[in-house]
Amino acid sequence: MTLGEQLKQAREKKNFSQEELADYLGVSRQAVSKWENNLAVPQGHNMDVLQKVLELELSPKQELISEKGEQKKWRGLAVAGGWVVSILAAALLGRGLSDQLRAQDVYDSEGAQKYQVDTSAAEGDALLELCSVRFYDEEQNEVLAEEDGYNTAVIDSVLLQWTGTAESIQIYYLPSPEDSGDSGEELFLTKKPAEGDRAALLNASVLGSRQRGQIYFELTCGEERVTSEHYTICFQPTTVLAYIHGCDRETLSFDEVEWVETPSARATELGVVADGGFYIHNEEELVEELPLAGNCVFIVCDWEDSYEQKQVSLSRFLRILEERKDAPAPYHLELSDGKIITVTEQYVP
């Protein structure tokens, strides 16, 4: 039984709806749906709470395996913006954090624990030491390194914890020589923590503009200097399959769907009986809206010419949506920095 199947079975046994469980955790209902459909793995505090409330022994490192034997990875969205250090009174995605990040766990406005902060950090003249560096997505799930490194399209924030006194924090970026032709490092940020702080929450969405390379963190106190290990980063934009509900020249509204090959274990789970085909699963209509990037690319299938794909202008794309409103096709939406950068029609035989 997959991790998602275990979660769904345990949730239904407790008579929780997906929305009720999501509210308890402080996440979206879609996040719970993705966990149960093996499109994402709950991490960190979410995993701990699930184990307690559902009375399950779960492993956050369990891989999600598709019918083709390929590992699936959930790609979250990165919120646009620059590096921001928020030490004491931080706000992340509209959820208020506690006023004391340095000496206790961080809670949201409803009292749900989100970030784990080491309360044993020494005070005063203790040796300056970087204890941990943790990456989080926009739903506050911990982001783990993938085969190519940390996906910067997913990372929304970074939590640093240390002992001793840090007078400044620096973040450095090292581009890949084959990409830039220059191996010189770039200083992203220098910030001064408040006196007595032992942790810092940083908005890391600016990483989404970096294709490949490495980053590292440096804490200083006078002549004392502590440097973290180097973290490999790569940029892999999020892609979702969705029905388009509306589009103007600035935004696009869509309802995410799931493409299910048949036959497959997923098709069997959904009660779909078919041989050698597909099924578009749309459990619940949840319309989202995102802005279109200024250079967004639109690719459609030419229904009159063997469904050959071709790029069209925004004006032409809007006309096609209107022409095909009675027979809508799903589209692959490529997302980056909270904007849609590519819209590609999925061929439906």
Side-chain angles (χ1 to χ4, degrees), residues 1-67 71-77 92-98 105-116 136-144 154 156 240-243 245 254-274 279-288:
M1 181 181 294
T2 67
L3 176 60
E5 291 169 341
Q6 292 181 59
L7 289 174
K8 182 177 181 180
Q9 187 179 85
R11 174 180 61 78
E12 292 177 343
K13 185 177 181 180
K14 293 288 186 179
N15 293 318
F16 291 150
S17 68
Q18 286 187 343
E19 288 187 356
E20 289 171 334
L21 184 58
D23 288 342
Y24 188 88
L25 292 166
V27 301
S28 67
R29 189 208 64 81
Q30 285 182 307
V32 175
S33 177
K34 287 184 171 69
W35 295 340
E36 294 186 354
N37 290 321
N38 291 316
L39 297 175
V41 177
Q43 303 287 346
H45 170 67
N46 289 331
M47 178 64 77
D48 294 338
V49 174
L50 284 169
Q51 291 185 105
K52 291 178 182 178
V53 72
L54 300 181
E55 299 179 359
L56 280 175
E57 289 295 331
L58 303 173
S59 171
K61 296 184 181 299
Q62 181 170 351
E63 293 183 347
L64 308 178
I65 307 298
S66 70
E67 290 302 307
Q71 185 176 356
K72 295 182 179 178
K73 303 180 180 69
W74 162 242
R75 312 286 190 191
L77 303 184
L92 177 62
L93 299 176
R95 298 186 176 95
L97 302 182
S98 74
D105 293 330
V106 180
Y107 294 81
D108 68 7
S109 58
E110 298 179 353
Q113 186 181 33
K114 293 298 178 185
Y115 298 96
Q116 299 286 332
Y136 292 89
D137 65 17
E138 65 173 357
E139 293 183 340
Q140 300 160 11
N141 297 315
E142 187 171 359
V143 177
L144 303 178
V154 175
D156 180 76
V240 299
L241 183 66
Y243 283 124
H245 279 249
F254 60 92
D255 176 21
E256 189 172 346
V257 300
E258 179 185 358
W259 184 280
V260 182
E261 297 291 340
T262 60
S264 67
R266 179 62 175 147
T268 301
E269 178 185 349
L270 295 172
V272 179
V273 180
Y279 172 67
I280 298 176
H281 181 55
N282 190 11
E283 178 182 19
E284 184 178 349
E285 185 174 304
L286 293 172
V287 179
E288 301 179 57

Side chains of Gln18 and Glu283: closer than 4.5 Å at any heavy-atom pair?
yes
The test is side-chain contact (heavy atoms from CB on, under 4.5 Å); show your working for Val53 and Leu21 and say whether it passes.
CA-CA 9 Å; Val53 72; Leu21 184 58; 4.1 Å; yes
Under the criterion side-chain hydrogen bond (donor to acceptor under 3.5 Å, both in side chains), which of Gln6, Lys8, Arg11, Gln9 is the partner of Glu36?
Arg11
With the side chain counted from C-beta on, respond yes when His245 and Glu285 share a heavy-atom pair under 4.5 Å apart, and no when they do not.
yes
Is there side-chain contact between Val272 and Val260, with heavy atoms separated by less than 4.5 Å?
no
What is the distance from atom CG of Leu270 to atom OG1 of Thr262, rounded to the nearest 0.5 Å?
11.0 Å
Basic-acidic side-chain contact under 4.0 Å: Glu269, Arg266
yes
Evaluate Lys14 against Leu54 for side-chain contact (heavy atoms from CB on, under 4.5 Å), listing each step before the verdict.
CA-CA 7 Å; Lys14 293 288 186 179; Leu54 300 181; 4.2 Å; yes
How many angstroms lie between CG in Leu7 and CD in Glu12, if you round to the nearest 0.5 Å?
11.0 Å
Any carboxylate oxygen within less than 4.0 angstrom of a Lys/Arg side-chain nitrogen, looking at Lys13 and Glu55?
no
Check whether any side-chain heavy atom of Ile280 lies under 4.5 Å from a side-chain heavy atom of Trp259, and answer yes or no.
yes
Does the side chain of Val143 come within less than 4.5 Å of Asp156's, by heavy atoms?
no
